[in-house]
Amino acid sequence: MTWKKTPARTTARQVWHTTSLSARMVVLFTAILTVGFAIAGAAMVGIMQAHLVYQVDRELESTAKQLAVATARSIVASVPADVPSNYYIRFTSADGVHQTSITEETALRYGTPRPGTLLEVGGVNPPNSITKPVNVSSTKENSYWRAVAVPIAVNEKPYGVVTVAMPLSGTAEAVKNTARYFTLLGLVIVVVGGTASYYLIRHALGPLRRIENVAGKIAAGDLTQRIESQPSGTEVGSLAKSLNQMLAQIEHSFSERDRSEQRMRRFVSDASHELRTPLSALRGYGELYRMGGVPADRVPEVMKRIENESTRMGNLVEDLLTLARLDETPEIDPEQIDLVKVARDSSFDMRALDASRIVSVVGLNEGEAAPDELLIEADKDQITQVFTNLIGNINRYTPKGTPVEIALGQLECQAIVEMRDHGPGISEEDRDKVFSRFYRTDVSRSRASGGSGLGLAIVASILALHGGHAQLDKTAGGGLTVRLTLPVSQENGKYVSHKSGEATPSRNNNDNDTPA
């Protein structure tokens with residue numbers, strides 16, 4: 001059988017679940033307080049009633065024994081005259097004659113009990129024993145008596161039974177008054193407790209309301225909002241700390257997304273701009289040739305120009321692909337590389353490009369010889385490309401015959417490589433921007449020399465991928481120094497990229513190719 005929820009039950013559940021947390025806590029606290037007082041009151045009244053009845057029983061038993069003894073001594077079928085005023089006494093003789101005694105005032109107030117036969121004359125109770133106290137009805141409505149029976153014997157022969165009863169109205173009245181006062185007191189305490197709990201719970205939930213206000217501002221777009229810190233040992237403090245960490249991550253993610261979008265738009269714009277020039281030149285020469293505007297003796301020159309523009313465009317595309325691969329590669333497989341050997345090979349390459357240059361491999365400090373070896377764990381092809389890009393820049397942007405030093409050394413756990421030229425250098429303002437993609441200090445000269453504006457961007461990206469960085473400084477006596485920093489050793493196994501965003505030169509977050 002499937003039970004269906006009644007509309008009233010469904011409505012009650014909906015109302016309960018749509019009520020505020022503070023209201024539900026107040027209701028639950030008040031309900032618990034009420035139930036607690038009800039249980040405590042019932043228990044207290046029950047205990048009190050049992051105690052009062054116990055006292056009545058002890059008094060009743062004591063009085064009944066005294067009366068039984070007095071009756072036995074008198075050996076008469078009459079009740080002693082000194083009967084307590086609130087008692088009912090009945091003597092039943094062996095022949096079944098009953099004699100009762102009760103004051104008129106007691107009978108008028110409590111009625112007359114109907115004890116029946118609690119003990120037969122000569123019954124099973126031993127002589128001079130007493131029956132257990134029992135409740136008996138009364139001739140007056142809502143009135144009860146407590147009664148016992150005591151056997152009387154003369155010369156060890158059953159003579160009769162004395163039944164003694166005592167009204168319970170006083171006990172019932174005391175219990176009733178106690179219950180009434182306790183109920184009234186309980187209602188006052190429940191009302192006061194519920195009211196106090198309302199304000200205390202509102203105060204305790206104040207931090208949650210402040211969190212709600214902060215959440216509203218964040219929903220409106222202000223991601224800089226943070227939740228006021230609370231004691232770390234509290235639930236609200238732990239919640240505030242977790243939410244603040246989450247908000248920091250969200251703000252960082254949105255900032256990274258915005259920066260990524262800006263970089264992408266700038267990158268696409270710059271790439272389009274850079275590709276437009278060679279494409280326009282290629283199309284122009286093609287149209288000129290098609291229209292017959294190129295004399296036969298100048299065809300080789302035009303074809304040479306087309307080849308140069310194609311080569312330039314190919315180099316640009318290759319650089320873009322290199323940067324894309326660096327951006328998307330989270331891991332590399334390192335091998336042990338001797339930077340001193342790579343530096344010496346680069347010095348040979350630089351002399352091959354310009355035989356008039358003096359290229360020396362030295363130590364970091366003046367007059368110091370280069371170390372015998374400087375080992376790192378890195379991708380050999382990528383580190384070689386770093387050196388190739390730098391010597392290409394030096395060869396392209398410094399005058400022929402300008403001396404160059406490649407200085408190597410180690411500072412703590414960092415391998416340091418400095419490429420020092422003595423050319424015209426660049427301004428300090430440009431040093432903060434040269435690692436940006438497509439940035440050039442001299443646009444016309446860079447294009448004329450074939451630079452794509454991506455060389456130093458590739459350098460910085462490769463170094464960042466290996467946990468290093470690059471920075472530019474002025475060479476003593478004039479010129480430009482490119483300082484590379486790489487970790488000397490890495491953890492075993494896969495080398496995880498340190499890259500967390502853009503390449504990270506030490507003095508700025510930019511990347512690019514520039515005149516050296």
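This structure is a prediction, so every number in the text was calculated from the model and none was measured. Note: hydrogens, waters and symmetry copies are ignored here, and every other heavy atom, side chains too, is used.
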Please test T195 against Y199 for side-chain contact (heavy atoms from CB on, under 4.5 Å), starting from the C-alpha separation and ending with a verdict.
-> CA-CA 7 Å; T195 305; Y199 289 103; 3.8 Å; yes
Before accepting this row, confirm whether a basic side-chain N of the pair K380/E335 lies closer than 4.0 Å to the acidic partner's carboxylate O.
-> no
Taking the side chain as C-beta and beyond, is there a heavy-atom pair between D379 and P334 under 4.5 Å?
-> no
With side-chain contact (heavy atoms from CB on, under 4.5 Å) as the test, would you mind laying out the steps for Q414 and T485 before giving the verdict?
-> CA-CA 6 Å; Q414 301 292 325; T485 302; 3.2 Å; yes
Could you walk me through whether L484 and I416 pass side-chain contact (heavy atoms from CB on, under 4.5 Å), step by step?
-> CA-CA 6 Å; L484 311 178; I416 308 298; over 6 Å; no
Does a sphere of radius 6.0 Å around CZ in R283 hold more than 12 heavy atoms from other residues, nucleotides or ligands, not counting ones at 6.0 Å or beyond?
-> no
dist S360:OG -> R420:CZ (nearest 0.5 Å) comes out at 9.0 Å
Flag side-chain contact, heavy atom, 4.5 Å: V404 against I358 | no
Polar side chain donor-acceptor pair, H422 to E405, under 3.5 angstrom | yes
Find out whether E418 and V482 are in side-chain contact, i.e. whether some heavy atom of one side chain is under 4.5 Å from a heavy atom of the other.
-> no
Dump the intermediate steps for side-chain contact (heavy atoms from CB on, under 4.5 Å) on E377 and I337, then the final yes or no.
-> CA-CA 6 Å; E377 291 182 358; I337 301 173; over 6 Å; no
Q382 side chain near L465 side chain, heavy-atom distance below 4.5 Å = yes
Salt-bridge present (D338, K341; N to O < 4.0 Å) | no
Nearest non-hydrogen partners of I394 and R357, listed with the distance = O-NH2, 3.4 Å
Is any side-chain heavy atom of S346 closer than 4.5 Å to a side-chain heavy atom of T388?
-> no
side-chain hydrogen bond (donor to acceptor under 3.5 Å, both in side chains) against T481, all qualifying residues, sequence neighbours excluded = T475
Least distance between heavy atoms, G193 atom then L33 atom = CA-CD2, 4.1 Å
Should the heavy atoms of other residues, nucleotides or ligands under 6.0 Å from CG of D372 be counted, would the total exceed 12?
-> no
Side-chain donor or acceptor of N389 paired with backbone N/O of V459 under 3.5 Å = no
Indicate the atoms forming the closest heavy-atom contact of L486 with G468, along with that distance.
-> CD2-CA, 4.2 Å
Who passes side-chain contact (heavy atoms from CB on, under 4.5 Å) against A240, sequence neighbours left out?
-> I227
State, to 0.1 Å, how close A370 and R344 come at their nearest heavy-atom pair, and which atoms those are.
-> CB-NH2, 4.3 Å
Taking atom CE of M303 as the centre, report whether more than 12 heavy atoms of other residues, nucleotides or ligands fall under 6.0 Å from it.
-> no
Give a yes or no on whether F182 atom CZ has more than 12 heavy-atom contacts from other residues, nucleotides or ligands under 6.0 Å away.
-> yes
Got a second to check how far I383's CD1 is from L339's CG, nearest 0.5 Å?
-> 7.0 Å
Of all heavy-atom pairs between G409 and L374, which one has the smallest distance, and what is that distance?
-> O-CD2, 3.4 Å
Atom pair CG/CG of L364 and L411 - distance to nearest 0.5 Å | 6.0 Å
Compare all side-chain heavy atoms of F387 with those of M419 and state whether any distance is below 4.5 angstrom.
-> yes
Would you check if E251 and L247 make a side-chain contact, meaning some heavy-atom pair closer than 4.5 Å?
-> no
Main-chain N/O of V175 paired with E173 side-chain donor or acceptor, under 3.5 Å = no
Do other residues, nucleotides or ligands put more than 12 heavy atoms under 6.0 Å from the CE atom of M246?
-> yes
Can you name the one residue among T183, T178, N177 that meets side-chain hydrogen bond (donor to acceptor under 3.5 Å, both in side chains) with R180?
-> N177
CD/E366: more than 12 non-hydrogen atoms of other groups inside 6.0 Å | no
Calculate, to the nearest 0.5 Å, the distance between atoms OG1 and CG belonging to T402 and D354 respectively.
-> 8.0 Å
Rounded to the nearest 0.5 Å, what's the gap from CD1 on I201 to CZ on F29? Could you check?
-> 7.5 Å
Provide the closest heavy-atom pair for I376 versus A415 in the form atom of the first, atom of the second, distance.
-> CG2-CB, 3.9 Å
Do P399 and P424 have side-chain heavy atoms sitting under 4.5 Å apart?
-> yes
Q49 side, atom CD; H51 side, atom NE2 - distance, nearest 0.5 Å = 12.5 Å
Does D349 have any side-chain contact (heavy atoms from CB on, under 4.5 Å) partners at least two apart in sequence or in another chain, and if so, which?
-> I391
